[in-house]
Amino acid sequence: MRGERCGVAGRSRLILLLASLAVGLTGCPPEPQDPPRPEGRACASVADCNAGAVCGLLAACVDQRCEGARSLENPCAIMP
């Protein structure tokens, strides 16, 4: 009977040791990094990216840089 208890306790200790070892070896997850800044001309607003255009397809100002593609749609008013 005593041998059975030692076997169970020994297995429990072994499992605990292996789990601790696995956690210790993997360490902490890496720090999150900011995404790279978009390339393009410097801007403060959408107007800086569109050379006077105020409607239609416009380039957006994202993180103080003009987007390369025109992805912002601003409808032009239709006068009657």
Practice item. Rounded to the nearest 0.5 Å, what's the gap from CG on Asn50 to SG on Cys43? Could you check? Key: 9.5 Å
Exercise for review: For the pair Cys76 and Cys55, evaluate disulfide bond (SG atoms under 2.5 Å apart) and give the outcome as yes or no after the intermediate values.
Suggested key: CA-CA 5 Å; Cys76 295; Cys55 65; 1.9 Å; yes
**Study point:** Pairwise distance CZ(Arg65) to CZ(Arg41) - rounded to 0.5 angstrom
**Key:** 11.0 Å
Review point. Counting distance only, does the side-chain N/O of Asp48 pair as donor-acceptor with the main-chain N or O of Ala42 below 3.5 Å?
Key: no
Check your understanding: Do Ile15 and Ser12 come close enough that some side-chain heavy atom pair is under 4.5 Å?
Key -> no
Check your understanding: What distance separates Glu67 CD from Leu58 CG, expressed to the nearest 0.5 Å?
Key -> 11.0 Å
**Study point:** Contact summary for Leu57 and Glu73, nearest pair of heavy atoms
**Key:** CD2-CB, 4.1 Å
**Study point:** Trace of the disulfide bond (SG atoms under 2.5 Å apart) decision for Cys49 with Cys66
**Key:** CA-CA 6 Å; Cys49 300; Cys66 294; 2.1 Å; yes
